[in-house]
Amino acid sequence: MKVEIKARMLTAGNRSLYLEYYETGFRKRENLHLYLIPDDAPNARKLNEQTLRKAQEIQAQRILTPPSFEKKEKRGENEQTKTMTWLGWCDDYVRCAMTDGNCKKMIQHKDVVRRRIEAYLKRAKKTDVLLKDVDRDLVSGLFGYMRNYRNRKQIKTNGGRLAAYTLVLFEETIKAIFNKAVRDGLIAYNPIQDLSKEERFHAPDKHREYLTADELKRFLSVEPQTFMEEVVQRAFGFSCMTGLRLGDMQRLRWSNIKDVNGVLTVSLIQHKTKRPVAVPLNALAISLLPPRPENGKDGIIFPLVKKPDNVAKYVCRIKNKAGIEKDFTYHSSRHSAATLAITAGAELYSVCKILGHGSIASTQVYAKVNMEKKMEAMSLTDGVF
């Protein structure tokens, strides 16, 4: 029996280690519950070496006493496996979403995915296909059907084609449907794993507009004409230094500004992700804070207007006065925070924590922007020598 240590990339940037067994055409995986942290994390090399040694010790034990494939044979005898259709399993998946307390929007999305599968199977005349008989060709055909699908309600927008992100979300839902079937013992593996890279959906590279240090100085040097213009200007600059989203800035209170070991720090639970984030304030960020109430009353620091579109109008008005030609919104302050920090030499892992990203992969796009700026700078010498 062949026993190998393999790794699977997780959304948080860590890698999950597992053992893969292979013998006489059967494959079996065992999750080791061991994780490798990103290579650029503090003490990553030492911690990953310790984790890998533990995995190797377990691997040696399994080679001496390998597991059997009895469990897989039992799956084949499961009565539910013999009768469960793909559409029937999709119905169960949607019902589970309701039972598990999924939000209304998510339940609607899963139901739409189920209806798209049904429409495809009707076209392929395979509405009664069993879940266990769904193979890569059938899934590939479904993905091809979705690529050519046209939404009649949005026919004026891109000919009714589905957006790239919509297709990526569709694939993730299909993957989740099969993963649940694997966990429940109805199928041996997820057929999506057999698809080639070209057959799967991919999100396009998204351009993230940001301000350079010089542009930010010009933005903050504009003389505001109204109270709200000044609030938006200060808030935008503060976000450029901390990476806080507009939703968090609208809720930011004086109680979120804390003294941590002699350093003023903004500490809060992000409204969007519900993850905690703590960012030390530099001199510019502190200077952008309005005067703190003398009575110590805990109130909103930046009384911004509620609607993002209205905030965007003030941002646009200030950037036009500053003579900045870039087309950006308030959220560009978050991109600016990441790009400015990385350009200044900050570690990718530290920037990931400042932004509150769940995955370092989300932060790596800013490293790509920094590399592009370096290449642009180096190209200026072309033809000089």
Side-chain angles (χ1 to χ4, degrees), residues 6-12 14-21 26-33 35 67 69-122 124 126-143 145-146 165-196 199-203 274 358-359:
K6 294 198 173 184
R8 181 172 67 89
M9 184 63 72
L10 303 178
T11 54
N14 296 341
R15 285 165 290 165
S16 172
L17 296 181
Y18 65 91
L19 292 181
E20 183 175 85
Y21 306 91
F26 288 100
R27 289 187 187 274
K28 185 175 182 180
R29 292 181 178 181
E30 178 186 357
N31 188 1
L32 299 180
H33 301 288
Y35 305 93
F69 289 99
E70 292 179 3
K71 188 175 180 181
K72 187 162 285 188
E73 290 171 3
K74 288 180 182 178
R75 282 182 177 176
E77 299 169 0
N78 191 325
E79 286 299 322
Q80 190 179 15
T81 304
K82 296 177 181 178
T83 59
M84 178 62 74
T85 64
W86 189 7
L87 286 177
W89 179 246
C90 289
D91 289 334
D92 285 358
Y93 184 76
V94 174
R95 280 193 290 270
C96 282
M98 297 177 182
T99 306
D100 293 343
N102 283 192
C103 67
K104 183 179 179 181
K105 191 172 182 180
M106 182 55 69
I107 293 171
Q108 288 175 341
H109 164 72
K110 291 177 178 179
D111 187 56
V112 167
V113 170
R114 189 255 179 225
R115 283 188 274 124
R116 296 289 176 268
I117 294 172
E118 183 179 22
Y120 163 69
L121 292 178
K122 282 182 178 178
K126 292 186 177 181
T127 52
D128 295 329
V129 65
L130 296 178
L131 180 63
K132 68 181 180 66
D133 293 332
V134 178
D135 56 14
R136 65 165 307 284
D137 292 336
L138 200 57
V139 177
S140 179
L142 172 64
F143 284 9
Y145 169 79
M146 291 303 295
Y165 289 105
T166 302
L167 293 173
V168 169
L169 181 58
F170 179 85
E171 179 181 324
E172 290 299 315
T173 306
I174 296 294
K175 193 190 302 181
I177 290 172
F178 286 127
N179 282 341
K180 179 167 172 50
V182 172
R183 291 194 301 270
D184 289 5
L186 295 176
I187 55 177
Y189 75 105
N190 191 330
I192 288 183
Q193 295 174 353
D194 291 337
L195 296 182
S196 66
E199 291 174 301
R200 300 178 70 165
F201 299 120
H202 306 281
K274 310 304 178 188
S359 168

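We use all heavy atoms of the structure for the numbers below, so side chains are in, but hydrogens, waters and symmetry mates are not.
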Once rounded to the nearest 0.5 Å, what's the spacing between atom CD1 of Ile192 and atom CZ of Arg136? 11.5 Å
Rounded distance (nearest 0.5 Å) linking atom CG of Asp135 with atom CG of Asp137: 5.0 Å
Any side-chain heavy-atom pair of Glu199 and Val139 under 4.5 Å: no
List in chain and number order the residues that pass side-chain contact (heavy atoms from CB on, under 4.5 Å) with Thr99, two or more places apart in sequence or in another chain; answer none if no residue qualifies. none
Go through the structure and list residues passing side-chain contact (heavy atoms from CB on, under 4.5 Å) with Arg95, not counting sequence neighbours. Asp91, Asp92
Quick one, Thr166 and Leu169 - any side-chain contact, counting heavy atoms below 4.5 Å? no
Might you point out which heavy atoms bring Ile187 and Lys132 nearest each other, and give the distance in Å? CG2-CA, 3.8 Å
Donor-acceptor contact present, side-chain Asp184 to main-chain Leu186, <3.5 Å: no
Any side-chain heavy-atom pair of Leu167 and Phe143 under 4.5 Å: no
Heavy-atom pair with the smallest gap, counting every atom of Thr173 and His109: OG1-NE2, 2.7 Å
For Lys82 and Leu130, which heavy atoms make the closest approach, and how far apart are they? O-CD1, 3.4 Å
Side-chain touch Cys96/Lys180, heavy atoms, less than 4.5 angstrom: yes
Any side-chain to backbone donor/acceptor pair from Tyr145 onto Ile117? Under 3.5 Å, distance only. no
Taking NZ in Lys126 as the centre, count heavy atoms belonging to other residues, nucleotides or ligands within less than 6.0 Å. Is the count above 12? no
Can you name the nearest heavy-atom pair linking Glu20 to Arg29, along with the distance? OE2-NE, 3.7 Å
From Met146 atom CE to Phe170 atom CZ, the distance as rounded to the nearest 0.5 Å: 4.5 Å
The side-chain contact (heavy atoms from CB on, under 4.5 Å) partners of Gln108 (sequence neighbours excluded) come to Lys104
Hey, does Glu118 have a side-chain heavy atom less than 4.5 Å from the side chain of Lys122? yes
Under the side-chain hydrogen bond (donor to acceptor under 3.5 Å, both in side chains) test, residues paired with Asp111 that sit two or more places apart: Arg115
Taking every heavy atom of Lys110 against every heavy atom of Val94, the minimum-distance pair comes out as O-CG2, 4.0 Å
Using the ring-ring contact (aromatic ring centres under 6.0 Å, His included) rule, collect all pairs that involve residues 82-108, keeping only residues at least two apart or in two chains. Trp86-Phe178
Cys90 and Ile177 have their tightest heavy-atom pair at SG-CD1, 4.2 Å
Non-neighbouring partners of Asp128 that pass side-chain contact (heavy atoms from CB on, under 4.5 Å), sequence neighbours left out: none
Between atom CD of Gln193 and atom CZ of Arg200, what is the distance when rounded to the nearest 0.5 Å? 8.5 Å
